[in-house]
Number of protein chains: 2
Amino acid sequence: MITLTERQSLILKAIVRDYTEGGTPVGSKSLVQELPMKVSSATIRNEMARLEDLGLIVKTHLSSGRIPSIKGYRYYVDHILTPEKVDNRDLKVIQHSLGGEFHKIDEIVAQSADILSQLTSYTTFTLRPELKDSRLSGFRLVPLGNHQVMAILVTNNGDVENQTFTIPNDLSGDELEPVVRFIDDQLIGLPLQDVLAKLQKEIPLKLAHYLQNPDGFLAIFGSVLSKAASERFYVGGKLNLFNYTSLQDPKEMRSLYSLLDQTDNLANVIGTPGQHIQVRIGNEITNDLLKDYSLITATYDVDQHGQGIIALLGPTAMPYSRMIGLMGAFQRELARKLLDYYRYFDE
Amino acid sequence: MITLTERQSLILKAIVRDYTEGGTPVGSKSLVQELPMKVSSATIRNEMARLEDLGLIVKTHLSSGRIPSIKGYRYYVDHILTPEKVDNRDLKVIQHSLGGEFHKIDEIVAQSADILSQLTSYTTFTLRPELKDSRLSGFRLVPLGNHQVMAILVTNNGDVENQTFTIPNDLSGDELEPVVRFIDDQLIGLPLQDVLAKLQKEIPLKLAHYLQNPDGFLAIFGSVLSKAASERFYVGGKLNLFNYTSLQDPKEMRSLYSLLDQTDNLANVIGTPGQHIQVRIGNEITNDLLKDYSLITATYDVDQHGQGIIALLGPTAMPYSRMIGLMGAFQRELARKLLDYYRYFDE
DNA sequence: TTTTAGCACTTAACTTAATGGAGTGCTAAC
DNA sequence: GTTAGCACTCCATTAAGTTAAGTGCTAAAA
């Protein structure tokens, strides 16, 4: 367990601040000017040597200034940093852009990602509150003529998922009606997870009473269901990659773009955030592509409706203090907005 | 009007080929080796000087090899190039990937863009056949409970457009039923364009019989309608920008990405392709951002269902011969597949 | 009249050398 | 424990030199 003196702590803090703002290694001379204590650069140098021994700062070459190491950022985030109060103007932006009327949870969550990435110039992922509490509240099949049928699934949160299918010739719309009624009787009100489970076990057998060949129908129902039940991240500010990636290696950026395009990957990247706001720096992120970046994840609670995630990807040299402040603001505002939304549909 | 001798033509052709393949300026010595005639490099140099006088090739500096000018590419495309027969393997890929079952025209068209960009490593836009022939064949409002209604619009081509709305408290699902019947009576069978026109003139008056405040409903209907009637390009192979853009200027790539993200811009970029396959090179493209690239556009005919567009964006130094061959293949295969599709729904 | 060999000349790209600036570690004195 | 002083290191930038590819031109050959 590392413990720093007051002075060392101030020096580390200044190095982190200067480097995240200026982007160039920080030397003893520039530090001596901005630090509140009146000591010489040689003293600072001695302290810096000690910080380096502890592994908190490193040199880029033998005679360069220092930059924080991953361990240094870690210490800074854990022990030194205080979250910055969110700028009043930023807060206005957040509240205003979440103030409008939304028709889907996904829209709210996506909007949040876009705003956060705009405020930070970084890249954002958001995940809606967990669906484990989501229940099936309606299922419809609407014949559209021309062999086509639209399947619509509604959850108790007001989420709607739909898909259009071409049905085989030997299956008329009328024939499906009792099936829908059967589904309604058996499955309405159940959590989506349970529906998914039943769909694989009991339903196929019982469905045989109504249809000779229930496979086609099950495929339809399963497809819409899994679309509604799957965890999909929304990614905002992809173009901001141009702001903070190295640009030296186009291959890397390309890989990052691909990673962000496949939203199902992101669950692995983000993992299961335990604490409320979690900062992972450099190689602390399990994905190798992101070993030179930092990831801040926050969960937000929407009471009995579960938790959602909002995450921020940026350079390791990011202004953590401001970022964590912002994440906190989103945690609160997003939870509030979603509670409003649910209340509307729960009434 | 420029006329080249046989020999000059061969030289220009070789320069274009070498440069599009190798990417480096072409000198007289390397030309003399691969050209079928037996002359010295000095002779080639004389001819090259003449081609330069004509503005068909240029030097990158006073003593460099030559690269084709835009005028040179133009001449090559117009007078020298013969479309390359599509590689058998490529054709297989195309046919196989369009051979599956599709549920929407948009899916077919999007798939084509993806395949083309994969085969070329460039970027592709596709536009579905014009919608002016598209007619309204069904309109539904499905109440989902909880103040929500899904509006579904179906066209005679089997295209389905839908959107979910929150309805005001003072409007129940039942009240909307006569409205839908009214819509069905008045508008079914009309081209979408006409529907759009009527929506602005006659309908609001007549609708007043059924609803005190028809504005809300009209907004819903209009929104779904315009979604169905709008021209939306699908863009494939955005990541391929990394393959052929300069990478020197990250700002430029960022702008390009933005351009491709706003699909409504693309109509202006592509313009109205007149001929069957049109090649626009460098500053011949009206958009300034694309002045260093080439754009090949092709229209494909789907008989009475109108024309669609497929377009390819790449570097000016692209292998035009192969590309034009590929575009031709897509013209044919796409028309064929879509005719199949329409036939299925027309029967 | 066209083609060719020969040669002086140009330029980009690469290598090497020189210089200045920022910063460090260490020592000896305060 | 702190400081001044100094030798040392390394990056970044500039300058100079070298090479390879290619050109245009001239005068002779075909």
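Values below: every heavy atom of this structure, side chains too, minus hydrogens, waters and symmetry copies. Numbers restart at 1 for each chain; the letters A, B, ... are given by sequence-line order, proteins then strands.
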Practice task
Describe the nucleic acid contact of Ser28(B) in one word from base, sugar-phosphate, nothing, applying a heavy-atom distance below 4.0 Å.
Solution key: sugar-phosphate
Fill in the blank from the handout: Considering only heavy side-chain atoms of Arg66(B), the closest of dG24(D), dA12(C), dG25(C) is dG24(D)
Practice task
Examine dT4(C): is either OP1 or OP2 under 4.0 Å from a nitrogen or oxygen in the side chain of Ser40(B)? Give yes or no.
Solution key: yes
Practice task
Would you indicate, yes or no, if dA4(D) has its OP1 or OP2 atom less than 4.0 angstrom from a side-chain nitrogen or oxygen of Arg45(A)?
Solution key: no
Problem - Nucleotide dA21(D), atom P - distance to CG of Asp18(B) in whole Å - result: 16 Å
Exercise for the section: Work out which heavy atom in Met327(A) is nearest to a heavy atom in Ile296(A); give both atom names and the distance. Expected result: CE-O, 3.3 Å
Completion exercise
Ranking dG24(D), dA5(C), dC10(D) by distance to the side chain of Lys59(B), first place goes to dG24(D)
Completion exercise
Glu52(B) atom CD is separated from dT23(D) atom P, nearest whole Å, by 10 Å
Exercise for the section: Grab the CD-P distance between Glu47(B) and dT3(C) for me, whole Å please. Expected result: 7 Å
Exercise for the section: Compare the minimum distances between each of dG24(D), dT4(C), dT24(C) and the side chain of Met48(A), then state the nucleotide with the smallest one. Expected result: dT24(C)
Completion exercise
Rounded to whole Å, CG of Asn46(B) lies from P of dT26(D) at a distance of 12 Å
Practice task
Calculate the interatomic distance between Ile67(B) atom CD1 and dA12(C) atom P; express it in whole Å.
Solution key: 13 Å
Exercise for the section: Could you check Gly65(A) against Leu62(B) and say which one's nearest nucleotide on DNA chain C is further toward the 5' end? Expected result: Leu62(B)
Handout entry: Neighbour count above 12 (heavy atom, 6.0 Å) for Glu6(A) CD
Key = no
Give every donor-acceptor pair under 3.5 Å between a side-chain atom in residues 82-91 of chain B and any protein atom, sequence neighbours left out.
from, atom 1, to, atom 2, distance (Å)
Asp87(B), OD1, Arg89(B), N, 2.6
Asp87(B), OD1, Asp90(B), N, 3.3
Asp90(B), OD2, Arg322(B), NH2, 3.2

Exercise for the section: Taking only the side-chain nitrogens and oxygens of Lys29(B), find out if one of them lies under 4.0 Å from OP1 or OP2 of dT23(D). Expected result: no
Exercise for the section: For residues Val279(B) and Tyr73(B), determine if any side-chain heavy atom of one lies less than 4.5 Å from a side-chain heavy atom of the other. Expected result: no
Exercise for the section: Determine, using ring centers only, whether Tyr257(B) and Tyr257(A) are less than 6.0 Å apart. Expected result: yes
Handout entry: Side-chain N or O of Thr43(B) closer than 4.0 Å to phosphate OP1/OP2 of dT4(C)
Key = yes
Practice task
Examine dT2(D): is either OP1 or OP2 under 4.0 Å from a nitrogen or oxygen in the side chain of Arg7(A)? Give yes or no.
Solution key: yes
Completion exercise
note: His61(A), atom NE2; dG23(C), atom C1'; distance rounded to Å ~ 8 Å
Fill in the blank from the handout: Testing dT4(C), dT24(C), dA21(D) for proximity to the side chain of Ser63(B), the answer is dA21(D)
Problem - Distance in angstrom units between Leu35(B) CG and dT3(C) P, rounded - result: 14 Å
Exercise for the section: Can you tell me the distance, in whole Å, between the CZ atom of Arg50(B) and the C1' atom of dT1(C)? Expected result: 11 Å
